[in-house]
Number of protein chains: 2
Amino acid sequence: MSGGTDGYSVGDVARIAKVTVRTLHHYDRIGLLSPVGRTPAGYRLYQDRDLDRLQRILFYRALGFSLDEVAAILDDPQSSPRDHLRRQHALLKERIRQLEELAEAVEHAMEAEKMGIQLTPEEKFELFGPDYDEAWEQEAEQRWGDTDAWKESQRRTGSYSKEDWRRIQLEADALNERIAAAMAAGEAPDGEAGMDLAEQHRQHICENFYDCTFEIHRGIASLYVGDPRFTANLDKVAPGLAQWLHDAMLANATRAGH
Amino acid sequence: MSGGTDGYSVGDVARIAKVTVRTLHHYDRIGLLSPVGRTPAGYRLYQDRDLDRLQRILFYRALGFSLDEVAAILDDPQSSPRDHLRRQHALLKERIRQLEELAEAVEHAMEAEKMGIQLTPEEKFELFGPDYDEAWEQEAEQRWGDTDAWKESQRRTGSYSKEDWRRIQLEADALNERIAAAMAAGEAPDGEAGMDLAEQHRQHICENFYDCTFEIHRGIASLYVGDPRFTANLDKVAPGLAQWLHDAMLANATRAGH
DNA sequence: GCTTGACCCTCCCGCTACGTCAGGCTCCAG
DNA sequence: CTGGAGCCTGACGTAGCGGGAGGGTCAAGC
């Protein structure tokens, strides 16, 4: 019965779609995906149309819709396969955008933490922003357990001692001093020296914190002049340093082609 | 009791973190987040530390971990706030990467559908790839209901009649003929004419299907020569057209700075 | 022809992460 | 001193399956 012209058995479908037989039973019971036919013995027989439907079910489910909502979407007589693909593409792009925002918020928090700036309680939750995504649930460990990012994160986690943190802080302070010195010496932020210092700043983040792209660096730059707490913190080293460093960072990013 | 120095009430925390009071009760009961103190009357009193913990709980939960797993992550005595932020950043980046792969797979499916190519059952599910992400659950409609991508998708959905599809198909055919003609005339794919035709190809997708960036267009190009079904389909118009168009598309994308 | 093992069926109970009352105490404003 | 908003603790309900019991089905091999 392994997928002849007569159709697919539950087991076949389960293997193909990587879901459990139980799930298919469930979808049958709630009427979300009922195979067209049955064998005389009562075995479920799925056709290609059922597979298509299942594929869409899994997609929308993965995007966080309840099975009821999935049913509503799929049973809309107006949407063609094309419409579904377009809708799926649009939904994905939107999700990606939201995640990138979240990542940016995390970068923001990292900067704040790095510089010892206290965020207000509400602010901490703004992470999940106004268009709060929330849960995309399930999976986790077994899946995430062997993902690269997870391992990377695990590998680094706990590998810094207090000494390390002190060293990093000292390096950062030293860099700030050099930047302040350049500024005091009348160097232009978008000059050679300025851009080099900005690049050192970026490298310091890369080496000690996370992969800081030029895009991220630009984001941090605007933080430095846009968020008064960051500005204040930097200007403590030398007045005007936040702005100068901001300009240098932008110039450096631009020089690098961003 | 609205957040004095004595702490926050459940209601306060619920408002700040945008979760329900019931959720906080639940977390208390299972020992995931128990407020440090209580008032004489038994009212829960949360401190800033509890808020921090809650924030992390919500983050990891949103990333698909079960509450048990979240507890394990948070109660690891080795991870500092810094580690958490780094871990979160890594997890987000990974998720984004996975979603982008999925989006690419959808683009692939769109191309296949557009050209009437039949994917094998298994192939349809490869969408969810080897590192099948799966569910990030919940929310949906109320949230997604008013998201831009959703509206865009809804707006376009069902707005194409059979006539429209015929027109689009005819336009595509006509374009293919023009490309074949250019090729027959001995034009170089990376010449002015080739790149212009490639750009028309891209525009045709943009106008009728989805926002086709140069990156996506490059992806489609490799599909044209990499997937024999696409190649065959295009070479039906004129032998060698798939390769020629591929080269033209790459040249055009490169000209545009990608 | 008969067994055996891989599948299939239908209940049905269990689990997670809460939602949603119900019944009752507490607290501050007016 | 009273009303209403807010807090408490059960306790039951729900979604989306997981997992097992108890039993029929089917092609392969002896």
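Numbers restart at 1 for each chain; the letters A, B, ... are given by sequence-line order, proteins then strands. Basis for what follows: all heavy atoms, side chains included, without hydrogens, waters or symmetry-related copies.
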Problem - Counterpart residues, side chain to side chain contact (heavy atoms under 4.5 Å, CB included), relative to His26(B) (two or more places apart) - result: Arg22(B), Ile30(B), Leu67(B)
Problem - Set of side chain to side chain contact (heavy atoms under 4.5 Å, CB included) partners for Ser34(B), sequence neighbours left out - result: Asp28(B)
In whole Å, I'd like the distance from the [atom1] atom of [X] to the [atom2] atom of [N].
{"X": "Tyr8(A)", "N": "dC8(C)", "atom1": "OH", "atom2": "P", "value": "15 Å"}
{"X": "Leu32(A)", "N": "dG16(D)", "atom1": "CG", "atom2": "C1'", "value": "11 Å"}
{"X": "Leu24(A)", "N": "dG18(D)", "atom1": "CG", "atom2": "C1'", "value": "14 Å"}
{"X": "Leu58(B)", "N": "dA17(C)", "atom1": "CG", "atom2": "C1'", "value": "13 Å"}

Given [N], is OP1 or OP2 found less than 4.0 Å from the side-chain N or O atoms of [X]?
{"X": "Thr39(A)", "N": "dC8(C)", "answer": "no"}
{"X": "Tyr27(A)", "N": "dC17(D)", "answer": "yes"}
{"X": "Thr23(B)", "N": "dA17(C)", "answer": "no"}

Practice task
Specify the residue among Pro40(A) and His26(A) whose closest nucleotide of DNA chain D lies further upstream toward the 5′ end.
Solution key: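 Its nucleotide being nearer the 5' end, the pick is His26(A).
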Exercise for the section: State yes or no: are the ring centers of His84(A) and Tyr60(A) separated by less than 6.0 Å? Expected result: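 Centroid distance His84(A)-Tyr60(A): below 6.0 Å, so yes.
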Practice task
Applying salt bridge (Lys or Arg N to Asp or Glu O under 4.0 Å), name anything that partners Arg53(B), two or more places apart in sequence or on another chain.
Solution key: Asp75(B)
Practice task
Go through the structure and list residues passing ring pair (Phe, Tyr, Trp, His ring centres under 6.0 Å) with Phe214(A), not counting sequence neighbours.
Solution key: His258(A)
Problem - Base-contact (B) and sugar-phosphate-only (S) positions in nucleotides 7-12 of chain D, heavy-atom cut-off under 4.0 Å, - elsewhere - result: SSB-B-
Practice task
Please tell me if the side chains of Asp50(B) and Leu33(B) come closer than 4.5 Å, counting only heavy atoms from C-beta onward.
Solution key: yes
Practice task
Would you mind classifying the nucleic acid contact of Ile30(A) as base, sugar-phosphate or nothing, using non-hydrogen atoms under 4.0 angstrom?
Solution key: nothing
